[in-house]
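My structure is below; once you've seen it, I'll send some questions.
Remember, it's 1-based here, ligands and their atoms both numbered in the order they're listed.
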Amino acid sequence: MPTPQENQVASPIGRDTVRVDGPQKVSGRAQYTADFHFPGMLYAVPVEAKIANGKIVKLDTAAAEKMPGVRAILHQGNIGKMYRSIPGPGFAGICEERRPPFEDDVVRYYGQYIALAVADTFETAKAAADAVRATYTKEKPNVETHLIADDEPDVVATTFGERKRLDSQRGNPDAAFASAAVKLDQTYVTPTETHNPLELHSTTAVWDGGDLTLYESSQGVVNLRSVLAQMFGLPKENVRVITKFAGSGFGSKLWPWTQCPLAAAAARQVGKPVKLVVSRRMMFQSVGHRPRTQQRVRIGATPEGKLVSLEHDYIYERSMLEAHHEDCGEATPLQYSVPNLRVSFGRAKRNIGAGADMRGPGRVPGLYATESAMNELAHQLKIDPVKLRIMNEPKIDEGSKLPFSSRHLVECFERGSERFGWSKRTQAVGSMKRDGLTLGWGMASCSWIAARFEAAASLQLRDDGTARVASATQDIGTGTYTNLAQIASYRTGVPIEKVEVALGDTTLPEGPLSGGSMATPSIVPAVLAAADSAIGSLMMVAVSTPGSPLLGHKPEELGFENGRVFLKSDGAAKGVPFSDVLRRANLRQVSGEGKSASTFGDPSAKYSTHSFGAHFAEVTWQPEIARLRVSRVVTVIDAGKILNPLAGRNQIQGAVVMGIGMALLEHTTYDPQNGAPINSNLADYIVPVNADAPPIEVHFLDYPDKVINELGARGIGEIGLAGIAAAITDAVHHATGVRVRELPVKIENLLA
Ligand code: MOS
């Protein structure tokens, strides 16, 4: 457990801080998207295609239209104009399903929206949607789970721009592998996984003349505005997006989905606010998923365990239209030192909805494969898996040839080993017992990108000693409200409880996505710059206000600390509280704006910036009743300065629990007959619950990374899910002797 000194520091940065929005949430005052109501508001329910491949021949809406309380049945013939959107510079205009709903009569996946019922009540809208009859010409859908790469050019278009399919290469990997003394060649499979945030996706659209307001559960209000403005042909100033609270998203809410333009088009048509809440079943069809992957990993090594070659060639499934890129090889070039390396990918089209980012996109499935291969190599060589990794620790990022800004992975291994008791591990399968149970111990490393998006924020200092900080970013349950209050408090000296935080509204200065674990690192410099700008204005007031004790001095002679302005020559002890300065000048507030630039994908970067970590997992196995449990996890994370260790540990614990789901439970299965996700509900799509969550010990190394920002804070939203499945499956092997290479591990895999 963390030492008390770590968490009771005087600074608001690095101190365990309870959520500032906690009281609103536990008292039910926090308004989530579907909680907003408007006079005359109508409800919309989409009609879902019941085929996955074919064409709509006829839509019979007559019965639905006659139902009392039904206001409209919208379809291709009457929905009104919707345009396509294109990406803009930076991270603007991103979306995973570009096709506006109802654009053509082709059905490409099961559950594609083909019509929309709008009615006075939700129940009526649902009954009307169910009463719409569709006739199709249909063909057999392709939902084949075995993936063979489609024939595609060397450079392909993806959601995030063009990508070379030969992602990374150095040395001569094929020749080095062929002549290696020790070889490993295995293929690892991760299934389609569906995001299941507690809060369903929902949109409430309100038009006021030519102005559109969207209440949306979004991880990126600014991007959503840019997409929707394009789809309705509006200047972005005429579109406002509001996400005050989100019941998480795990990436499914990063980019807009088609229910959003549908609600807006319906509201335009009927002249009333329209609410559309996606059902749990629809969540499995039309709002993204982590694509299935099939990854071949080949490693060549010396008998001592030094890597000589690493090849990571992977294929992932994609939808018929879209090209979400599942970047499984993102960490491969930098995780270990190896002179000969290749990372390449292929894609396989399927009749399924668009893939999307899901917590730790790319690296989570990717590190499952490469870390599993490292564990298998350790087993093959009879070398301790921790030692094997330390032996292959790189001095620089050998992919980009840049030095790491801050990498303490070896210390993660050492600290984790010590806390877990790793030295007591005996190597033979099934050799460790406790209380009549067979124990399995496994470990793996992890990493995650550290970077910033462009961000802006504003900050006000007010005459009652309070402050307000604002940015159009979101809090998806991760603690962003609290982080903003902490950063503002750190710079202004205003206690956290006196900092008002405004976010989740595009009328505020443009803030970052809540994605890529980048919201926190991105917002730090913007808030600090906004605070400095407000403090600068305050100093101008202090030197120019009649009666001010600082009247007549030059602003550059002044300092500001702990909420007080002072003459540097007098020292901070003689300072004047900023509230006094403002009151004397009869000012309610001084304001500042701050901006910071993106570092994401910066071609001129001087450092390779990533977070690192190590997981140690224990499983218990009872062969008599085929009972497998994850019984203990120790995770050590090197993610720079941790702003709020209380929320930070919570974030990593949540990710580890999700990793138990990835390793042992989660998979979305498509029906080969009609292409429908079969287990599209929370009874059949199994996610870990409290009873599945073991004691999870989380440690942060807490080395500030000043390359990222002044506070040295990187992000921690995703890294905890990377690598954990490989640690658990290796523990399963250690306990049972069964090496499962297709997730999730099923009980039937373990039955002898
Ligand atoms: Mo995360 S998958 O970038 O929301």
Side-chain angles (χ1 to χ4, degrees), residues 90-92 94-97 158-160 190 192-199 201 216-224 243 245-257 283 287-291 293 316 322 324-328 330-331 353-368 446-455 473-480 483 503-504 511-523 598-601 609-611 639 647 651-652 654-655 658-659 661-662 666 687 714-725:
F91 267 81
I94 308 276
C95 98
E96 296 280 20
E97 185 170 337
T158 78
T159 304
F160 306 109
T190 63
T192 312
E193 284 185 278
T194 301
H195 321 73
N196 270 290
L198 200 54
E199 184 202 21
H201 289 245
E216 179 74 29
S217 184
S218 172
Q219 294 176 238
V221 294
V222 174
N223 177 71
L224 193 139
T243 303
F245 294 93
S248 197
F250 303 120
S252 66
K253 297 169 181 171
L254 261 181
W255 321 116
W257 294 105
M283 299 272 284
V287 292
H289 54 262
R290 192 198 294 284
T293 75
Y316 58 82
E322 304 308 323
H324 162 80
H325 179 52
E326 190 65 24
D327 200 356
C328 296
E330 196 185 54
D357 295 304
M358 177 165 162
R359 198 176 197 175
R363 274 195 210 205
V364 162
L367 282 164
Y368 159 67
C446 58
S447 67
W448 187 253
I449 183 92
R452 300 191 327 242
F453 294 122
E454 194 175 358
T473 185
Q474 312 65 221
D475 189 331
I476 60 169
T478 47
T480 305
N483 284 164
L503 51 70
L513 289 164
S514 299
S517 304
M518 284 159 61
T520 300
S522 305
I523 205 69
S598 168
T599 66
F600 188 64
T609 51
H610 301 262
S611 287
Q651 184 74 279
I652 301 299
M658 208 162 160
M662 179 182 176
E666 290 192 52
V687 295
R714 303 196 290 237
I716 50 173
E718 288 158 288
I719 188 166
L721 183 52
I724 180 71

### Message
Taking atom CD as the centre, does Glu454 end up with more than 12 heavy-atom neighbours from other residues, nucleotides or ligands that are less than 6.0 angstrom away?
### Response
no
### Protein residues having a heavy atom less than 4.0 Å from any atom of ligand 1
Gln219, Phe250, Gly251, Leu254, Asp357, Met358, Arg359, Pro361, Ser514, Gly515, Gly516, Glu718
### Task
Check whether any side-chain N or O of Asp357 sits under 3.5 Å from a backbone N or O of Gly251 as a donor-acceptor pair, and report yes or no.
no
### Query
Any sub-3.5 Å donor-acceptor pair from Thr609's side-chain atoms to Ala450's backbone N or O?
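Confirmed, Thr609 side chain pairs with Ala450 backbone.
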### Query
So, does Trp448 use its side chain to make a donor-acceptor pair with the main chain of Ala639 at under 3.5 Å?
no
### Message
Determine whether a donor-acceptor pair (N or O, by modelled atom type, separation under 3.5 Å) exists between the side chain of Ser598 and the backbone of Arg452.
### Response
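Side chain of Ser598 to backbone of Arg452: a pair is present.
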### Query
With a 4.0 Å cut-off, would you call Glu718 and Arg363 a salt bridge?
no
